[in-house]
Number of protein chains: 2
Amino acid sequence: MRIEDEIKQPVFKDEYQKGYINLIYTAGWLQQRQAAAFREFDITLPQFNVLRILRGQHPKPATVNLLIERMLDKTSNASRIVDKLEAKALVTRTVCPSNRRAVDIRITEAGLGLLQTMDATVLSRQQSIHALTPDEVTQLNALLDKIRD
Amino acid sequence: MRIEDEIKQPVFKDEYQKGYINLIYTAGWLQQRQAAAFREFDITLPQFNVLRILRGQHPKPATVNLLIERMLDKTSNASRIVDKLEAKALVTRTVCPSNRRAVDIRITEAGLGLLQTMDATVLSRQQSIHALTPDEVTQLNALLDKIRD
DNA sequence: CCACATTAAATGTATGTACATATATTTGCA
DNA sequence: TGCAAATATATGTACATACATTTAATGTGG
């Protein structure tokens with residue numbers, strides 16, 4: 001659907017303003033579809049992202065700092081997201097022996113199992129972007145990178 | 001900066017996965033820049049968006065329902081955002097005379113004044129998207145619309 | 001006319017975000 | 001050595017989001 005119709009704003013000042021709004025709207029649209037898929041697994045999108053980072057490290061531990069570095073939203077509060085995952089026994093938290101300020105965070109077997117169950121679902125929710133041809137995705141990536149230059 | 005470097009994930013499964021992450025990351029990047037600009041005006045991004053919708057209606061009132069229809073994030077809680085704006089005397093809330101379930105929300109003179117002050121700042125924060133040529137923005141809009149088809 | 005569904009908004013609760021601050025540990029250097 | 005700065009994480013507070021529930025007003029079919 002055209003962005004004009006989705007937010008019932010018939011006129012944009014120019015194509016740039018439309019691009020700006022379209023970009024933010026589309027990202028939100030994609031994220032909401034993912035969040036909906038996550039609900040049945042009783043997990044949120046940031047929690048899922050943290051779990052995936054931990055799987056990437058497994059069996060090595062990660063620290064909170066490493067999570068922050070890798071997360072899409074750098075300013076989020078990794079510590080409290082780990083709290084929630086720990087409460088669900090999807091990760092463990094132990095004081096790092098070599099640096100007692102830091103905390104070693106590890107994904108548990110339960111966490112790995114959950115991710116495996118979810119992989120198919122999550123990937124299918126990312127399918128919307130496959131509406132683009134390979135050339136178009138490459139174009140999109142170039143345009144987005146240029147915006148952030 | 002390339003998205004690979006920004007989130008320190010050197011390899012993506014394919015260009016589609018990269019596109020997905022790039023889209024969400026770039027939207028967040030843009031929104032954080034805007035939020036930073038808003039801070040000095042003691043207003044948040046959703047509050048600003050609601051104010052702009054109200055200015056669009058002015059001098060007609062809007063209802064909470066109309067705000068929800070027009071907001072970029074449809075699921076957000078318009079009622080509580082209006083609470084905050086009302087507390088700052090940027091909007092007024094009166095029971096709609098023709099339908100006492102509904103609430104007429106109007107932007108105040110103070111609200112209009114704030115928006116006018118902010119317009120320049122906000123626009124300058126949207127400048128990043130002007131890194132694109134007119135043709136490129138048009139391409140971007142077409143690609144985003146295609147994703148949401 | 002009235003019970004019942006529908007509609008509009010507000011509220012409750014859990015989670016996440018943004019920013020400042022606190023606590024504990026480690027490091028560096030006078 | 002000892003003490004200040006830096007580092008790693010946690011916590012406090014305000015705001016927003018997501019979803020369910022509640023409250024009040026309106027519409028509707030029997």
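What you are looking at is a predicted structure, and each value in this text was computed from that prediction instead of being measured. Letters A, B, ... are given to chains in the order of the sequence lines, protein chains preceding strands, and every chain is numbered from 1.
- For A:Q31 and D:dT17, the CD to C1' distance is 12 Å, given to the nearest whole Å.
- In summary, B:R55 and B:D119 engage in a salt bridge, as defined by a charged side-chain N under 4.0 Å from a carboxylate O.
- Remark: of the listed residues B:Q47, B:R106, B:E86, B:E86 is the sole one forming a side chain to side chain contact (heavy atoms under 4.5 Å, CB included) with B:V91.
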Detail all sub-3.5 Å separations between protein N/O atoms and N/O atoms belonging to nucleotides 24-27 of chain D.
| unit_1 | atom_1 | unit_2 | atom_2 | d |
| --- | --- | --- | --- | --- |
| D:dT26 | OP1 | B:R100 | N | 3.1 |

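- One finds a salt bridge joining A:D83 and A:R93 here, because a Lys/Arg side-chain nitrogen approaches an Asp/Glu carboxylate oxygen to under 4.0 Å.
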Requested in this report: Walk me through it: do A:V103 and A:T63 pass the test side-chain contact (heavy atoms from CB on, under 4.5 Å)?
Outcome: CA-CA 6 Å; A:V103 173; A:T63 63; over 6 Å; no
Is there any protein nitrogen or oxygen under 3.5 Å from a nitrogen or oxygen in nucleotides 13-17 of chain C, and what are the pairs?
| unit_1 | atom_1 | unit_2 | atom_2 | d |
| --- | --- | --- | --- | --- |
| C:dG16 | OP1 | A:T44 | OG1 | 2.3 |
| C:dG16 | OP1 | A:Q47 | NE2 | 2.7 |
| C:dG16 | OP2 | A:Q47 | NE2 | 3.4 |

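- As rounded to whole Å, 19 Å separates atom P of D:dT17 from atom CD of A:Q34.
- One can place CD of A:Q32 at 17 Å from P of D:dA16, the figure rounded to the nearest angstrom.
- Regarding B:I68, its CD1 atom lies at a distance of 14 Å from the P atom of C:dT7, rounded to whole Å.
- A donor and an acceptor atom, one from each side chain of B:N65 and B:R70, are nowhere located under 3.5 Å apart.
- B:L140 contributes atom CG, which lies 9.0 Å from atom CD of A:E15 (distance to the nearest 0.5 angstrom).
- Rounded to whole angstrom, the span from the CZ atom of A:R93 across to the P atom of D:dT9 amounts to 10 Å.
- Separation of atoms CD1 (A:I81) and CG (A:L67) is listed at 8.5 Å; rounding is to 0.5 Å.
- Taking atom CD of residue B:E69 and atom C1' of nucleotide C:dT7, one finds them 14 Å apart after rounding to whole Å.
- With respect to the salt-bridge test (charged N to carboxylate O, under 4.0 angstrom), the residues A:D42 and A:K84 do not qualify.
- Nucleotide D:dC15 holds its C1' atom 11 Å from the CG atom of B:D42, rounded to whole Å.
- Formation of a donor-acceptor pair under 3.5 Å by the B:Q139 side chain with backbone atoms of B:E136 is not found in this model.
- Sequence order on DNA chain C of the closest nucleotides to B:D83 and B:A102 puts B:A102 first from the 5' end.
- The CG-C1' distance, from A:N65 to C:dT26, rounds to 14 Å in whole Å.
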